[in-house]
Amino acid sequence: MIACLERFVPENDIESKAAVEASIMCKTLDLQGSIDRTASADNDFGGLYSRRPLAVIRPSGADDVARVIKAASLSSTLTVAARGNGHSINGQAMVDRGLLINMRPTENNHFKEVKINGSTYVDVSGGALWEDVLKRCIEEYGLAPRSWTDYLSLTVGGTLSNAGVSGQAFRYGPQTANVAELEVVTGRGEVVVCSEKKNCELFFSVLGGLGQFGIITRARVLVQSAPDMVRWIRVVYTEFDEFTRDAEFLVTRQGDGESFDYVEGFVFVNSDDPVNGWPSVPLDPDHGFDPAHLPRNADSVLYCLELGLHYNNSDHPSTVDTVVKRLLGWLRFIKKLKFQVDLSYVDFLLRVKRAEEHAKANGIWDSPHPWLNMFVAKSDIAEFDEAIFKKILKDGVGGPMLIYPLLRSKWDNRTSVMTPKEDVFYLVALLRFSPTGSNGAEVEKMVSQNRQIVDYCVQNGFDYKLYLPHYQTEEQWKEHFGGKWERFVERKACYDPMAILAPGQKIFERIRNISCNP
Ligand code: FAD
């Protein structure tokens with residue numbers, strides 16, 4: 001039927017052809033879910049791009065997703081993008097005149113505790129938000145996943161398509177290292193269950209695979225007993241080498257009780273700037289930052305190590321104090337610049353949600369966010385600090401500048417995620433918030449500063465990788481994947497041979513289905 005209709009569409013008019021194909025397809029698809037063909041332009045958290053899909057599909061489950069992909073593969077040019085919660089920065093979840101599958105309606109399709117060989121897992125939907133996974137796991141089982149992101153209004157499928165990192169990753173690896181099984185709808189429209197033992201090539205392709213090989217409809221996530229409470233601590237450094245020494249010391253101590261349960265860090269400006277400076281450090285409004293404790297020779301930027309120790313209500317308070325005292329005793333921070341609060345484990349994990357509410361009230365949550373996320377090898381991080389934090393970013397980015405070490409040994413090399421080669425590398429996240437009413441030129445200035453930073457890394461031969469990568473050309477993607485590019489291309493040819501999926505990543509061009517041409 002599609003082929004028949006194409007006879008009446010001008011050969012060169014790909015756009016209208018796609019629209020016609022989508023229209024016919026939508027009418028003939030027999031979905032349990034729904035289709036909206038009047039969808040307006042889609043945008044994402046980055047706010048830098050906007051694309052208009054031809055239709056937005058709200059699937060009821062994997063079968064609907066499979067039907068949509070199969071139908072798209074029969075068309076000449078249609079592409080399909082899964083949208084998690086649209087928290088990408090550079091349009092990665094968008095589709096230009098293709099089909100957008102909104103995964104959120106599938107959020108409750110799966111939720112079940114599974115015990116295998118002494119380990120406990122919870123099966124969750126690819127469209128579920130991590131914050132809901134957290135609440136349900138705790139309420140129903142007293143359990144929680146081990147590895148998180150800082151912010152939890154992200155979907156399971158969205159973070160597993162990247163990596164998913166936070167302050168627990170030094171111990172447990174990224175979220176991609178904490179799943180045992182996936183249900184995936186491939187670019188061939190097949191629903192496949194995969195794991196390390198079963199269809200393992202697909203399993204590892206999809207993890208960190210930028211949505212290129214399949215759409216995750218279910219994930220089996222490793223869980224453990226959830227603590228009741230967290231002691232959340234921030235300590236301040238003036239010297240970068242002391243900050244990194246202590247951070248690396250903590251992340252390499254893997255034994256029980258040998259380190260904190262959460263280790264992150266950030267750079268802040270040595271000034272009273274309310275967003276970028278001293279006021280961004282305290283955790284409790286009653287305990288302000290007293291700059292009199294800083295040495296006179298402190299530089300333009302300072303460093304904060306952010307730590308968390310889990311405990312239970314049944315633990316004696318003095319036990320927690322003793323452990324914290326012992327662990328902090330090894331560190332070289334400015335002793336009078338220590339901040340701490342005790343809060344429930346759930347409140348700790350939802351800490352960015354509170355920042356979101358604040359930012360929404362200020363209007364900066366909805367303005368553009370030209371964020372830059374990278375992994376930088378340990379051997380290059382001191383120069384990164386000298387050239388980038390202390391100079392290019394000495395006035396801050398209008399939001400957090402995260403920096404914390406991760407261990408490559410905790411990342412599975414078989415996944416599609418790319419990291420630097422060294423054993424220790426740093427996550428660097430420049431989480432820029434543009435002030436309300438910023439104009440295009442101001443946002444472009446931030447984007448070009450990001451480019452300047454990446455160029456610096458390239459020119460100085462840094463061992464680095466973009467996290468949540470965003471490139472425009474095949475050459476750039478080849479460079480990103482380096483020696484793993486061929487494997488990535490082979491996996492694509494195997495699982496999504498027509499290059500239907502995740503066109504917003506701009507890695508592969510849709511292969512035209514010539515059998516559709518009359
Ligand atoms: P989307 O943006 O909707 O999609 C991202 C990509 O995944 C797209 O290519 C899309 O097509 C694909 N995709 C979506 N769902 C599926 C699926 N079910 N199956 C296959 N592919 C799919 N990341 C971290 O690692 N750690 C953090 O601490 C962290 N904090 C963040 C805080 C904020 C405020 C924001 C905005 C982002 C943060 N991120 C963090 C980045 C985040 O992990 C990624 O942007 C992630 O892709 C967003 O998830 P999403 O569900 O919104 O995905």
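None of these values were measured; they are calculated from a predicted model. Both counts, for ligands and for their atoms, begin at 1 and track the order of listing.
- Protein neighbours of ligand 1 below 4.0 Å, counting non-hydrogen atoms: Phe45, Ala82, Arg83, Gly84, Asn85, Gly86, His87, Ser88, Gln92, Ala93, Thr149, Asp150, Tyr151, Leu154, Thr155, Gly157, Gly158, Thr159, Ser161, Asn162, Gly164, Val165, Leu210, Gly211, Gly214, Ile215, Ile216, Trp365, Trp371, Tyr467, Leu468, Gln505.
- A donor-acceptor pair under 3.5 Å is formed between the side chain of Thr186 and the backbone N or O of Arg188.
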TODO: Could you walk me through whether Glu444 and Arg451 pass the salt bridge (Lys or Arg N to Asp or Glu O under 4.0 Å) test, one step at a time?
DONE: CA-CA 10 Å; Glu444 179 47 39; Arg451 245 179 262 129; 3.3 Å; yes
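- Using a distance-only test at 3.5 Å, with no hydrogens or angles considered, no donor-acceptor pair links the side chain of Arg171 to the main chain of Lys410.
- Every ring pair (Phe, Tyr, Trp, His ring centres under 6.0 Å) that Phe268 has, sequence neighbours left out, goes to Phe289.
- Although no hydrogens or angles enter the test, the distance criterion places a donor-acceptor pair under 3.5 Å between the side chain of Thr155 and the main chain of Gly158.
- By the neighbour-count criterion of 12 heavy atoms within 6.0 Å, atom CG of Asp36 is densely surrounded, having more than that number from other residues, nucleotides or ligands.
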